[in-house]
Amino acid sequence: MPPLRQGKVASPRALPLLALGLGLGGGCDLVYPEVAVVNRTAASIQLRNPTFSGCAWAAVLAYGEATTLERCLPGADRIHFEKLEFGTPSDARSDATALPVWFRYQTRSLRQVDYGEQQVFEVTADDLEQDFTLPGPYGH
Amino acid sequence: MRALVVAILGVALGGWLPARAQPTRPSAARPGPRPTAPSTTRPVPRPPAPIYETVVVSERPSVRDASQDTTTVDGQRLRDSSRGSTFEALSQQTAGLYVPARGALHGVANGATGGLQLRGLGGSPNTQVLVVEDGVPDYQGIFGHPLADAYLPLLLDEVVVAKGGDSVLLGSNALGGALLLRSRWREREGYELQNDASSGSYATVRESAALLGRCGAWDVAAGLHALSTAGHRLGAGGSTFMTTTGLRYRWPSGLRLTARNKVVHLVGSDAGPVTHPYRDHAYEVWRNTAALQLAGGRDRLLHWTLTPYLNLGIHRLFDGFHSTDYLGGLQAELELRPHRLAELAIGLAAQRVGGRVENRVTHERPPVAALQDAALYGQLTLRPLQRLSAVVGARGLYSNRYGLVWLAKAGARWDLTDRLQLRARLARSFRQPTLRELYLPFPVANPTLRPEYALTADLGAAYNSERIELSGTGYRTAAENLIRYFGVWPSAEVVNIGRVVIWGVEGHVGLKRLGPCSLSLGGNWQDVGRYTRQNPDAKVNLTLDATQPLGPRHRVGATASAEWVHGLYMANYGRRPLAAVFVADLALRYRYRSAARGLALEPYALLRNFLDRRYAYVEGYPMPGFHALLGLKVEL
């Protein structure tokens with residue numbers, strides 16, 4: 001094999017393969033699905049720190065608000081979040097010294113995303129259930 | 001073909017410009033007056049043999065118990081592996097060895113993977129399979145397990161997976177077996193430099209460099225490894241940085257003094273379950289392992305070694321946990337052949353493990369009392385017949401906490417023909433509890449824990465010919481006092497459990513040189529009883545190699561490998577089952593070698609999980625889908 005020369009590196013024949021190599025090398029995470037979550041529950045309900053398929057948003061969503069778009073893992077998952085409902089015992093605003101209690105909830109329905117997709121998932125009041133799925137720590 | 005090479009070169013070099021050392025002519029790099037052979041094939045006058053040219057003393061074999069069931073993996077195969085870590089690459093070669101993963105890094109603390117399960121013993125963290133690096137036990141003082149991300153294949157000569165336990169020769173922690181790592185040295189005068197740079201998916205950049213040299217009576221072996229990745233999901237990124245340095249001086253009498261030092265820096269985080277990811281569960285680890293070895297002996301009639309070692313580490317976790325730990329010891333061993341039919345190895349070993357722990361947030365400082373022990377051991381190999389070897393051994397170990405412990409083993413190997421052998425072995429091994437299990441309430445500790453014992457029996461046969469390798473082993477382990485964690489904080493407990501029996505069969509078929517192809521198929525099936533957590537029922541590994549020379553300088557090759565794991569559970573008693581794992585990788589290589597220039601170039605592509613399977617070894621920690629790593633190896 002002759003030594004590589006400058007002109008050979010830039011030859012047109014090599015450019016598609018170079019692009020293929022760049023695509024293989026750097027692009028897998030670029031085709032991950034993009035996901036945003038919208039609070040469509042009720043005006044009295046706020047959602048906090050939603051998570052979905054490897055994504056975690058540090059946000060408090062009032063009714064109608066949405067998270068930013070984030071790249072998540074392809075697959076199926078429920079949307080997990082903390083919920084605060086005003087006017088219920090968890091909203092302890094009558095006692096000035098107590099903090100409101102955010103309970104863990106998740107959607108009852110599974111949401112599916114795949115490579116290259118962009119999805120905006122709405123969380124609605126009729127699709128909620130308490131979330132007891134938080135796995136314990138693994139390992140050491 | 002040339003265009004493809006150019007493309008891969010462009011990607012590898014464009015993504016990462018390694019700190020390439022200048023190709024140094026050996027004669028220019030070496031100080032001192034001694035002339036040595038250059039690394040090219042040009043004819044040069046051979047210099048007269050210098051006075052320091054010593055008697056050739058072969059490396060001690062890694063396998064020292066002829067009756068033990070072992071798998072020897074060549075270092076080059078580990079370097080060529082498409083798997084993410086050395087432990088995973090070993091798992092691909094040995095069906096009886098299971099190594100879970102969660103991404104590019106194994107990590108430490110909660111969520112970590114990389115624990116070794118060898119024929120049903122090991123665990124997470126792995127404290128029942130000992131890693132021995134150049135004769136030195138390698139584990140963390142407080143935690144009792146090796147750092148899975150801290151092994152560099154670039155400088156490995158070979159790794160022996162020794163199965164069935166061998167605490168007689170290796171001491172505590174070799175309950176289920178051991179990984180015996182042996183580093184390589186250059187055997188001829190001159191220097192060689194190897195550089196492996198790659199980049200790929202998830203902003204992964206990997207750089208490894210090794211320098212091997214021999215100059216007169218001096219040998220040097222140095223390596224550097226750096227890996228940085230963003231990870232396949234939030235929180236899965238991290239970096240490792242490792243340097244290893246070895247220096248050896250050989251006296252004409254056969255005496256050899258070897259100094260080794262390894263530094264590891266590991267930064268990462270626990271990504272958490274995919275349904276509830278963590279953003280900030282970070283860790284940072286610094287470890288330094290230093291060892292000195294003085295070895296003597298001219299031939300197999302007498303050989304002795306004296307090895308002091310010290311392993312230090314600092315661990316920092318996101319929640320304020322901070323620890324410093326150490327493992328230090330001294331080993332002295334004498335091997336001699338008092339009779340042509342007998343070989344004897346006797347040794348003295350002493351070690352101490354200790355450390356200090358605090359939580360810098362809560363200011364907890366649990367007291368930690370160091371463990372120390374001293375042991376005298378011996379192994380006798382008798383060859384009453386030309387084809388029969390019988391091995392017996394015993395170890396008396398005195399622990400400052402557990403008093404006197406007796407361990408023993410016996411085995412035999414019968415070479416029926418040059419190709420067919422039978423083997424049987426019985427070994428009693430043990431492990432003392434780790435300091436973490438005894439003292440650290442994260443999440444729970446129990447100072448009353450007793451040591452674990454295991455009695456392992458195995459019986460096997462092997463057939464080897466030029467083209468075919470067949471082997472099969474049946475094994476049964478009866479273990480007592482195994483230490484297990486139950487429950488979750490705040491009601492968690494760590495206790496000794498009663499008697500556990502594990503039995504299974506492991507087999508391997510190898511077909512070599514079938515034209516340009518060779519094939520390796522290994523399988524393991526085991527019944528682990530009630531303690532099923534991360535202890536799979538069955539595992540199969542398949543590796544198919546194909547290599548085709550294209551003239552004297554060019555070669556192309558491909559390796560397809562696959563792993564299938566069945567019967568995975570996240571809890572004991574068969575609870576929380578996981579879907580079977582099936583994953584396949586593909587490695588493509590092209591190699592150009594010019595002997596005249598002393599140069600080899602090897603661009604390669606690693607296509608991991610090329611079937612884009614969705615799988616997980618650990619619940620909530622899905623592995624990456626299809627991803628790729630493109631790289632270039634340069635050898636000078």
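Only this structure's heavy atoms are used, side chains among them; waters, hydrogens and symmetry mates stay out. Here the structure is a predicted model, which is why all the values come from computation and not from measurement. Just so we're on the same page: letters track the sequence lines, and every chain starts at 1.
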Within a strict 4.5 Å, meaning less than it, do heavy atoms of the B/L550 and B/V556 side chains meet?
yes
For the residue pair A/Y105 and A/F81, categorise the inter-ring angle as parallel (less than 30°), tilted (30 to 60°) or perpendicular (more than 60°).
parallel
Look at the rings of B/H554 and B/Y590 and say which category their plane angle falls in: under 30° parallel, 30 to 60° tilted, over 60° perpendicular.
parallel
Heavy-atom distances under 4.5 Å only: say whether A/C72 touches chain B with side chain, backbone, both or neither.
neither
If I measure from the heavy atoms of chain B, does A/P74 come under 4.5 Å with its side chain, its backbone, both, or neither?
both
Among A/A56, A/S53, A/A58, A/P50, residue most engaged with chain B (heavy-atom pairs, under 4.5 Å):
A/A56
Look at the rings of B/H281 and B/F318 and say which category their plane angle falls in: under 30° parallel, 30 to 60° tilted, over 60° perpendicular.
parallel
